Asker: 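The following block contains the structure, expressed as structure tokens.
Just so you know, these numbers come straight off a predicted model, no measurement behind them. Order of the sequence lines sets the chain letters (A, B, ...), proteins ahead of strands, with each chain counted from 1.
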Protein chains: 2
Amino acid sequence: MAEGKRPADFDLEQFLPYLLNQAAEATSKSFHATYKATYGMTRTQWRVLANLGKFGSMTARDICLISHIEKTKVSRAVSGLEEDGLLSRATSPQDRRAEILSLTERGREVFADLGQRALAYDMALRAQIGPEMAAQLDGLLRRIIADGPAGGGED
Amino acid sequence: MAEGKRPADFDLEQFLPYLLNQAAEATSKSFHATYKATYGMTRTQWRVLANLGKFGSMTARDICLISHIEKTKVSRAVSGLEEDGLLSRATSPQDRRAEILSLTERGREVFADLGQRALAYDMALRAQIGPEMAAQLDGLLRRIIADGPAGGGED
DNA sequence: CAGTAATAGTTGCAATCGCAACCAAGTCAA
DNA sequence: TTGACTTGGTTGCGATTGCAACTATTACTG
């Protein structure tokens with residue numbers, strides 16, 4: 001057989017997980033700076049806030065399921081947000097292990113503020129790559145996320 | 001004005017940075033398990049190794065520039081890889097601050113092994129979403145990465 | 001009902017990260 | 001040359017992570 005090229009050399013720059021990661025970091029960075037500077041929030045805190053802002057009230061478990069964040073991470077983010085007075089907990093009457101989380105008035109304000117900014121940021125991002133392309137990208141990403149690890153593995 | 005919908009509520013699930021991050025994590029996870037289990041490497045170590053595997057020899061600085069990884073992260077990854085006998089350093093004759101990094105024989109072996117696996121993993125991933133779609137995704141991601149933060153900002 | 005297994009959430013600890021401060025070497029200008 | 005500035009790389013340290021162990025509560029199962 002030909003001696004020219006070996007069985008295709010691996011190139012990090014073509015590796016999908018790497019590209020995704022780079023893109024994720026590139027796009028997260030600037031917005032991360034926003035909520036960190038303005039409200040001293042971590043990424044997980046921002047995500048928990050966003051989920052609560054969207055869904056109203058839910059348990060930590062729900063947040064884990066929806067956003068695929070480790071439960072310890074959620075737990076600590078919740079503590080942080082509570083300390084900052086952005087959310088409150090209430091033991092569920094049905095299940096006294098579970099705590100129903102909801103945003104406080106202030107939490108809703110912060111969510112409204114950051115939500116707007118995020119929206120603007122997102123639109124700018126999408127404008128950059130073109131709206132149709134962005135829509136397509138959306139679909140692809142969702143598929144990747146849904147399919148889980150290659151091969152449809154479980155974990 | 002209409003009272004129906006407010007100025008569009010923010011939805012995390014539609015937020016591009018979030019989607020990218022989810023996709024990145026979903027796709028990284030399983031491969032991360034591979035190099036961690038097999039060689040006890042961290043992600044940064046794997047990336048440094050991959051860069052050296054591709055480019056032959058380079059300085060830590062080069063790696064930083066190419067892969068946008070923090071220099072402290074690179075520094076520690078390099079130490080780790082050196083300890084494990086996968087790479088060696090040599091002070092640059094031109095600039096005695098700089099160290100020229102190159103893979104050892106063993107390092108090249110490991111790269112060959114992981115490179116193959118990564119290639120296979122990547123192909124499986126691409127097969128899942130369809131080859132043309134994958135190619136398109138590639139382009140979009142590269143654009144996002146290149147453009148940097150929305151608005152073409154610098155940092 | 002006792003007894004075991006699952007589940008919601010927290011905590012401890014070791015490893016990792018990010019940022020600032022820090023050396024050591026190189027550059028540039030007077 | 002000397003002194004101010006830049007640059008390659010490392011180190012210290014507080015904050016964040018991930019994983020395993022743990023508490024409290026609920027759900028099964030005989």
Asker: Once you apply a heavy-atom cut-off of 4.0 Å, does A:Thr42 come out as touching a base, just sugar-phosphate, or nothing?
Answerer: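 Sugar-phosphate, no base atom in range.
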Asker: With side chain to side chain donor-acceptor pair (under 3.5 Å) as the criterion, how do B:Arg117 and B:Thr34 come out once you've worked through the C-alpha distance, each side chain's angles and the decisive distance to 0.1 Å?
Answerer: CA-CA 9 Å; B:Arg117 299 206 215 182; B:Thr34 300; 5.1 Å; no
Asker: Examine D:dG8: is either OP1 or OP2 under 4.0 Å from a nitrogen or oxygen in the side chain of B:Lys71? Give yes or no.
Answerer: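 No, B:Lys71 has no side-chain N/O under 4.0 Å of OP1/OP2 on D:dG8.
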Asker: Taking only the side-chain heavy atoms of B:Arg76 (C-beta and beyond), determine which of D:dG8, C:dA8, D:dC13 contains the nearest atom.
Answerer: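 Nucleotide nearest to B:Arg76's side chain: D:dC13.
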Asker: Can you find a donor-acceptor N/O pair under 3.5 angstrom joining the side chain of A:Arg97 to the base of C:dT7?
Answerer: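 Yes, a donor-acceptor pair under 3.5 Å.
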Asker: Do A:Arg106 and A:Asp84 meet the salt-bridge criterion of a basic N to acidic O distance under 4.0 Å?
Answerer: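 Looking at A:Asp84 and A:Arg106, the cut-off is not met.
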Asker: Return no unless some side-chain N or O of B:Arg89 is found under 4.0 Å from OP1 or OP2 of D:dT10.
Answerer: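 Yes, because at least one side-chain N or O of B:Arg89 sits under 4.0 Å from OP1 or OP2 of D:dT10.
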Asker: Can you check whether B:Ser75 has a side-chain N or O nearer than 4.0 Å to OP1 or OP2 of D:dT10?
Answerer: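 Affirmative; the distance criterion is met.
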Asker: Describe, in one word, how the ring planes of B:Trp46 and B:Tyr35 are oriented to each other, choosing from parallel (under 30°), tilted (30 to 60°) and perpendicular (over 60°).
Answerer: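 Parallel, since the angle between the ring planes stays under 30°.
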Asker: Fit a plane to each ring of B:Tyr121 and B:Phe31, take the angle between them on a 0 to 90° scale, and name the class: parallel (under 30°), tilted (30 to 60°) or perpendicular (over 60°).
Answerer: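 Plane angle under 30°, so parallel.
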Asker: Let's see if you can work this out: which of D:dG8, D:dG18, C:dG9 has an atom nearest to the side-chain heavy atoms of A:Lys73?
Answerer: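 For the A:Lys73 side chain, the nearest candidate turns out to be D:dG18.
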Asker: Mind checking if A:Thr59 touches a base, just sugar-phosphate, or nothing, with heavy atoms under 4.0 Å?
Answerer: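 Sugar-phosphate contact only - A:Thr59 comes under 4.0 Å of backbone atoms but never of a base.
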Asker: Between atom CG in A:Leu65 and atom C1' in C:dA8, what is the gap in whole Å?
Answerer: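 The distance from CG of A:Leu65 to C1' of C:dA8 comes to 11 Å, rounded to the nearest Å.
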